[in-house]
There are 4 protein chains.
Amino acid sequence: MYKIGLVGGTGYTGAELIRLLVNHPQVKLHAITSRSEQGIAVADMFPSLRGFVDLCFTNPAIDTLAECDLVFFATPNGVAMKLVPELLREGIKVVDLAADFRLRDPAAWEQWYGCPHACPEILQQAVYGLPEVNRGLIKKAQLVANPGCYPTAVQLGFLPLIEQGLADINYLIADAKSGVSGAGRGAKVGSLLCEASENMAAYGVAGHRHLPEISQGLQQMAKGQPVGLTFVPHLTPMIRGIHATLYTRVMNKQIDLQALYEQRFVDEPFVDVLPQGEHPHTRSVKGTNTCRMAVHRPQNGEIVVILSAIDNLVKGAAGQAIQNMNIMLGIEEAQSLLVPGLMP
Amino acid sequence: MYKIGLVGGTGYTGAELIRLLVNHPQVKLHAITSRSEQGIAVADMFPSLRGFVDLCFTNPAIDTLAECDLVFFATPNGVAMKLVPELLREGIKVVDLAADFRLRDPAAWEQWYGCPHACPEILQQAVYGLPEVNRGLIKKAQLVANPGCYPTAVQLGFLPLIEQGLADINYLIADAKSGVSGAGRGAKVGSLLCEASENMAAYGVAGHRHLPEISQGLQQMAKGQPVGLTFVPHLTPMIRGIHATLYTRVMNKQIDLQALYEQRFVDEPFVDVLPQGEHPHTRSVKGTNTCRMAVHRPQNGEIVVILSAIDNLVKGAAGQAIQNMNIMLGIEEAQSLLVPGLMP
Amino acid sequence: MYKIGLVGGTGYTGAELIRLLVNHPQVKLHAITSRSEQGIAVADMFPSLRGFVDLCFTNPAIDTLAECDLVFFATPNGVAMKLVPELLREGIKVVDLAADFRLRDPAAWEQWYGCPHACPEILQQAVYGLPEVNRGLIKKAQLVANPGCYPTAVQLGFLPLIEQGLADINYLIADAKSGVSGAGRGAKVGSLLCEASENMAAYGVAGHRHLPEISQGLQQMAKGQPVGLTFVPHLTPMIRGIHATLYTRVMNKQIDLQALYEQRFVDEPFVDVLPQGEHPHTRSVKGTNTCRMAVHRPQNGEIVVILSAIDNLVKGAAGQAIQNMNIMLGIEEAQSLLVPGLMP
Amino acid sequence: MYKIGLVGGTGYTGAELIRLLVNHPQVKLHAITSRSEQGIAVADMFPSLRGFVDLCFTNPAIDTLAECDLVFFATPNGVAMKLVPELLREGIKVVDLAADFRLRDPAAWEQWYGCPHACPEILQQAVYGLPEVNRGLIKKAQLVANPGCYPTAVQLGFLPLIEQGLADINYLIADAKSGVSGAGRGAKVGSLLCEASENMAAYGVAGHRHLPEISQGLQQMAKGQPVGLTFVPHLTPMIRGIHATLYTRVMNKQIDLQALYEQRFVDEPFVDVLPQGEHPHTRSVKGTNTCRMAVHRPQNGEIVVILSAIDNLVKGAAGQAIQNMNIMLGIEEAQSLLVPGLMP
């Protein structure tokens with residue numbers, strides 16, 4: 001049994017990690033930290049976990065975390081980068097679910113997150129934890145930067161087209177719709193039921209922090225060529241789910257897109273390409289680590305439309321983090337993650 | 001007091017017409033028809049109307065309808081075209097909220113609606129009822145084809161750019177999100193709360209019936225040039241509202257988009273352009289006839305993003321129909337339609 | 001045109017007052033105050049009000065408020081009692097939507113609200129603003145305490161039975177379900193969409209602040225006899241609406257309950273008793289000042305079940321406040337309040 | 001591996017059985033039937049099951065079902081009673097999730113379900129599958145009548161009080177709130193998102209079919225004394241969950257209710273009594289087989305309030321059916337059923 005630490009257990013991502021870990025047969029939660037809730041039983045804060053976890057929240061002390069084999073950070077952006085260097089020195093493996101280690105360029109971090117990076121020297125050793133792209137590197141990594149929720153849905157959707165040089169990478173559009181849990185468990189007026197339900201709106205059109213992360217990933221797929229991406233996120237009146245609707249011009253109208261997508265993901269345990277003509281529903285992946293997608297070329301025109309659906313808290317956060325953990329610890333990659341979605 | 005008839009009063013569009021008409025000071029509901037509910041009191045079917053309407057549903061008899069000054073059709077597609085010619089001969093004004101008279105080309109009707117048009121000779125006299133484009137024609141029209149919900153949100157959003165020749169009309173993308181009331185009051189599994197709530201999905205990507213309607217309208221704005229439009233509708237887990245997110249390449253990066261949009265709509269009572277940098281929320285137009293929009297050019301790039309929000313049952317159906325009625329009958333255009341949205 | 005002041009315009013109750021007042025033909029909003037949002041345009045905070053109100057939030061200065069004919073307080077509990085005495089001395093009429101003047105006994109206030117009452121001497125002159133019970137007093141009142149949302153639904157439901165001495169007042173049960181807007185616009189974790197949607201739960205079973213208010217009202221109906229009330233509120237996953245399900249033992253099984261209820265409310269513009277056997281839906285009163293109810297005696301037993309539905313923000317708050325204002329100012333009681341519910 | 005048959009796999013209860021069975025290590029789905037969907041792949045109808053089940057829907061042929069060790073019926077009321085006798089003769093174990101075998105009295109069946117019972121002689125051998133009451137009988141049963149959703153929540157809530165003779169069984173009130181999935185996957189107007197969301201309403205106050213089932217169970221707990229139960233179900237705007245709020249007079253005010261409830265359920269794997277003063281949330285049991293409850297005596301009065309929350313599709317249907325299956329087949333009772341709720 002591997003010992004697992006969780007720094008930041010009071011948000012939705014942390015709670016989801018706990019939900020997925022308590023029945024994992026090869027790991028055991030050793031410590032769950034929260035500065036604000038120290039001493040409180042985890043199951044008192046989250047009654048859905050009553051009977052599954054006996055731990056209380058503790059302070060994030062390095063010596064306790066150093067007893068772990070792997071530590072997850074489910075903290076706000078900017079917290080992990082202050083603690084991770086010490087854990088790495090202790091030989092602990094780390095999966096950070098925040099943005100601290102996602103951007104390779106510390107200047108980009110500073111531009112988008114508004115403060116200098118605390119450990120720029122470590123950025124190059126961090127592996128971007130999208131297993132469908134970087135599985136080999138993840139296996140050997142000590143530090144994995146778990147992708148953001150939008151970036152996961154968008155990158156997986158564009159992957160087959162871009163890595164084959166089939167997309168017009170100057171004109172990529174990602175129109176993404178997210179459930180409200182993506183905004184976290186913080187008490188914000190905009191996330192109130194009375195504000196966010198029965199409503200649809202875009203936000204951050206001028207520039208969302210996931211834009212540079214997605215662009216960096218797409219550029220890597222495009223073998224380093226710069227990409228022109230327009231990314232518009234929308235707040236959707238539901239709890240879980242991201243639906244990314246992706247548009248680009250296909251460079252070769254003869255290509256069999258359906259076959260391209262099916263073949264690219266045939267061996268991936270967590271990407272499911274729907275049959276031609278279908279549309280993925282976010283609810284079909286609710287509570288699961290699956291990215292379900294479909295590819296369309298309306299009226300046989302130049303524009304390709306890719307539909308990509310994930311659960312933002314699972315494949316977009318905690319599930320992918322556990323997928324990365326499984327890979328890093330040599331556990332079967334899909335362990336404890338293969339379950340049908342909760343429907344309805 | 002003008003006498004008003006309503007053919008098809010049992011759906012959401014019909015009920016919304018009644019809601020908006022009962023307090024209109026210059027008109028009076030004379031007959032509300034429904035073949036299936038004949039004899040039932042309207043307020044028994046819709047308890048929200050108790051005390052506001054005393055009528056029972058009647059059969060759609062021409063002689064009763066011929067007593068009206070104006071008749072609304074809120075029937076399924078293909079019904080109005082069988083009754084309208086006779087009403088026109090009787091000198092009655094008609095506003096059809098279905099699709100029967102929206103497409104000028106009878107072949108396009110047949111292609112998208114699966115049956116020959118019953119009165120192709122009348123198509124040319126029908127005026128497309130988008131007041132912001134056709135106000136003058138509506139004033140003189142006997143037959144108005146009330147626009148679809150998606151077409152209203154999309155056309156108003158693209159209008160200033162396209163009519164000024166500023167959009168790359170070969171690459172227009174309309175990613176539209178609609179509340180479930182757009183699917184009507186019919187008992188369909190896909191519209192059940194347990195299917196449609198907590199879910200986001202695209203549909204009809206291969207081709208939705210509103211595509212030819214929108215294309216026809218955009219082409220008219222483009223002075224007859226054909227347009228290349230990709231239209232992807234999504235079913236969104238809320239009752240009312242459409243949010244259209246529109247993308248195109250701007251042909252002149254020097255143009256002041258904010259001023260362009262504000263000036264175009266400065267005299268329109270039902271289009272509200274938000275200040276620079278804002279995002280319209282569908283809930284801000286809930287229950288109202290307003291189209292609220294914003295225009296963005298992310299990172300000062302070539303791509304323009306227009307956000308356009310309406311209530312699909314009001315500006316996207318019943319409200320716009322009453323706006324058209326007001327214009328046709330010489331009533332003040334905004335009569336009974338200027339109310340704040342129901343918030344929250 | 002009467003001049004109206006509004007103290008506390010940033011919550012849902014305040015916004016709803018504005019929505020209902022902007023189209024009222026006999027009053028004009030003179031000042032809307034908010035300490036925290038001073039200088040901000042009201043329509044910037046609530047885009048649904050763009051075009052309907054030009055005022056900015058101001059500090060709640062007595063001299064400005066003293067220019068008004070009537071001032072509404074939509075402030076948190078405990079605020080109005082500090083400002084109202086001075087306004088009364090200035091001869092201003094006041095409707096307080098908070099709890100400050102609802103309980104006649106200052107000791108009860110202190111027990112349930114946790115601080116001494118600031119002006120206990122004024123409590124006796126305050127009239128409890130339930131027009132169906134106190135219309136005559138409201139007409140002459142200078143200070144009206146607008147009832148709480150739960151108390152409105154529960155008292156109207158029990159009213160015909162209790163005032164006729166037909167209920168076993170030792171065993172009254174009120175099982176009430178409220179939409180989340182009842183919790184206000186404050187940023188609380190429990191009101192987040194991700195916490196409150198897809199969930200049903202009771203709260204405050206040990207004792208909710210509306211209990212003494214309801215008991216006081218029921219006791220008045222019972223001609224001073226003490227009543228035994230069990231009140232259990234539930235947070236329901238919707239924005240607006242209260243559904244109170246009321247249980248008691250009927251003391252005379254021969255009584256025609258349907259006739260009793262219909263006759264009691266026959267002249268009330270805002271109480272609608274449904275035909276025998278029906279069930280009121282909260283959505284049928286959405287956005288309206290109507291209380292819709294039904295009365296049942298299952299299996300002709302001893303237990304009566306009364307179902308009472310209101311919109312908590314309208315008949316349960318802002319609408320009833322305007323109904324009171326109309327009465328106090330000699331305006332037609334239903335002015336600007338008779339509209340059909342927003343359905344669906 | 002036990003072979004399992006499922007008759008009626010197209011509703012929510014059937015789909016939920018499949019979801020819970022596919023990862024059960026000791027059973028294997030052998031046949032899933034549906035007359036209407038014969039030949040369709042189960043995973044085509046329910047994309048959430050893609051990759052988990054390869055079966056197609058088949059006709060409900062006795063010979064195929066007779067190859068099974070146990071057959072679930074998730075059919076509409078009145079179907080199972082026609083097929084079950086033959087399966088029993090073949091020695092197959094049966095769990096019926098419909099109402100066919102719940103009422104011991106065939107006259108009561110006929111009264112509430114409107115047709116004569118097809119096999120009244122079998123009713124006496126059917127065991128009512130509430131393990132917390134009948135575990136021993138279930139172990140030896142060939143035919144188990146799986147309880148209804150409301151009856152599960154209500155009976156478990158009243159159980160400790162009534163079996164100890166501590167409740168005034170003449171005045172039992174069960175005010176129950178159910179998510180819309182309780183109405184099934186049938187296409188009914190009342191279950192549409194636009195009808196059922198943003199709404200709260202009671203239904204069936206005059207008499208709901210679960211009333212005789214609950215009464216029968218409570219009477220058994222009361223050692224055969226008749227009980228006076230008022231049962232009011234409400235349709236609540238959420239997908240899953242039942243919250244039952246139960247009221248009765250406690251006959252002995254000295255009793256320690258908290259201890260009574262905790263001790264009664266201390267060994268039950270699927271009943272969780274919350275600490276004193278808390279309130280169960282339905283979302284805390286979403287997707288789980290747990291009944292979470294709390295017991296209150298407001299203001300130390302005579303009235304006890306019990307709050308009982310379940311997932312109507314799990315403990316209220318499919319999960320309890322699998323719990324019964326586990327017991328009947330000698331499998332560990334909680335096998336595959338102990339998972340934390342999906343939160344948020």
Side-chain angles (χ1 to χ4, degrees), chain A residues 170-171 173 175-179 192-208 211 228-232 234-243 245 247 249 276-284 286 294-299 301-305 307 309 342-344, chain B residues 170-171 173 175-179 192-208 211 228-232 234-243 245 247 249 276-284 286 294-299 301-305 307 309 342-344:
Chain A
N170 295 311
Y171 296 106
I173 289 173
D175 187 292
K177 299 90 175 165
S178 173
L192 295 177
L193 182 141
C194 294
E195 303 283 316
S197 77
E198 290 297 311
N199 188 37
M200 184 78 198
Y203 65 100
V205 177
H208 183 283
L211 178 65
L229 171 69
T230 301
F231 168 58
V232 177
H234 298 73
L235 194 63
T236 306
M238 58 188 185
I239 299 175
R240 286 171 181 247
I242 283 180
H243 186 287
T245 313
Y247 304 87
R249 224 159 40 107
Q276 188 123 31
E278 301 212 353
H279 307 82
H281 287 219
T282 59
R283 72 189 190 115
S284 84
K286 191 164 51 180
V295 57
H296 292 256
R297 206 168 75 216
Q299 276 98 42
E302 278 185 294
I303 305 295
V304 183
V305 181
L307 313 171
L342 192 72
M343 194 289 304
Chain B
N170 296 310
Y171 295 105
I173 289 173
D175 186 292
K177 300 90 176 163
S178 174
L192 296 176
L193 181 142
C194 295
E195 303 283 316
S197 77
E198 289 297 309
N199 189 35
M200 184 77 199
Y203 66 101
V205 177
H208 183 283
L211 177 65
L229 172 69
T230 302
F231 169 57
V232 177
H234 298 74
L235 195 63
T236 307
M238 59 187 184
I239 298 175
R240 287 170 180 246
I242 283 181
H243 186 288
T245 313
Y247 303 87
R249 223 159 41 109
Q276 188 123 28
E278 301 210 356
H279 307 81
H281 288 219
T282 61
R283 71 187 191 118
S284 84
K286 189 163 54 178
V295 56
H296 291 256
R297 206 168 77 216
Q299 275 98 43
E302 280 186 292
I303 303 296
V304 183
V305 180
L307 313 171
L342 191 72
M343 194 290 304

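Given the structure is predicted, the values throughout are model-derived calculations rather than measurements. To find a chain, count down the sequence lines: A is the first, B the second, and so on, and within it residues start at 1.
What you find for B:Ala202 and B:Val232 is that their closest heavy atoms are CB-CG1, 3.9 Å. Contact record, B:Gly277 with B:His279: O-CE1, 3.5 Å, taken as the closest heavy-atom pair.
B:Thr245 has its side chain within reach of B:Lys177: a pair of non-hydrogen atoms, C-beta onward, lies under 4.5 Å apart.
A:Leu211 touches chain B through its side chain: at least one heavy atom from C-beta onward sits under 4.5 Å away, while N, CA, C and O do not. In this structure, chain A has a heavy atom under 4.5 Å from the backbone of B:Pro280, while its side chain stays farther away. Using a 4.5 Å cut-off between heavy atoms, B:Tyr171 touches chain A through its side chain atoms alone. Only the side chain of B:Val305 comes within contact range of chain A, judged by heavy atoms closer than 4.5 Å. For B:His281, the parts lying near chain A are the backbone and the side chain together; criterion is any non-hydrogen pair under 4.5 Å. Neither the backbone nor the side chain of B:Leu192 comes within contact range of chain A; no heavy atom of the residue lies under 4.5 Å from a heavy atom of that chain.
The candidate from A:Cys194, A:Gly301, A:Gly179, A:Ala309 with the greatest count of non-hydrogen atom pairs under 4.5 Å with chain B is A:Cys194. The candidate with the highest count of non-hydrogen atom pairs below 4.5 Å against chain A, out of B:Gly228, B:Pro344, B:Ala206, B:Pro237, is B:Pro237. In terms of heavy-atom pairs under 4.5 angstrom with chain A, the leader among B:Lys286, B:Arg249, B:Glu302, B:Met343 is B:Arg249. When each of A:Glu195, A:Met238, A:Arg283, A:Gln299 is scored by its heavy-atom pairs under 4.5 Å with chain B, the top score falls to A:Arg283. Across B:His296, B:Arg240, B:His234, the residue that shares the most heavy-atom pairs under 4.5 angstrom with chain A is B:His234. Between chain A and the residues B:Ile173, B:Thr236, B:Leu307, B:Leu235, the most heavy-atom pairs under 4.5 angstrom are made by B:Ile173.
Summarising the geometry, atom OG1 belonging to A:Thr230 is positioned 12.0 Å from atom CZ belonging to B:Arg297; distances are rounded to the nearest 0.5 Å.
Ring planes of B:His208 and B:Phe231: perpendicular class, angle over 60° (limits at 30 and 60°).
With sequence neighbours left out, the side chain to side chain contact (heavy atoms under 4.5 Å, CB included) criterion links B:Leu193 to B:Ser197, D:Val180, D:Leu193, D:Ala196, D:Ser197, D:Ile239.
A:Thr282 places a side-chain N or O within 3.5 Å of a backbone atom of B:Met200 that can act as its donor or acceptor partner.
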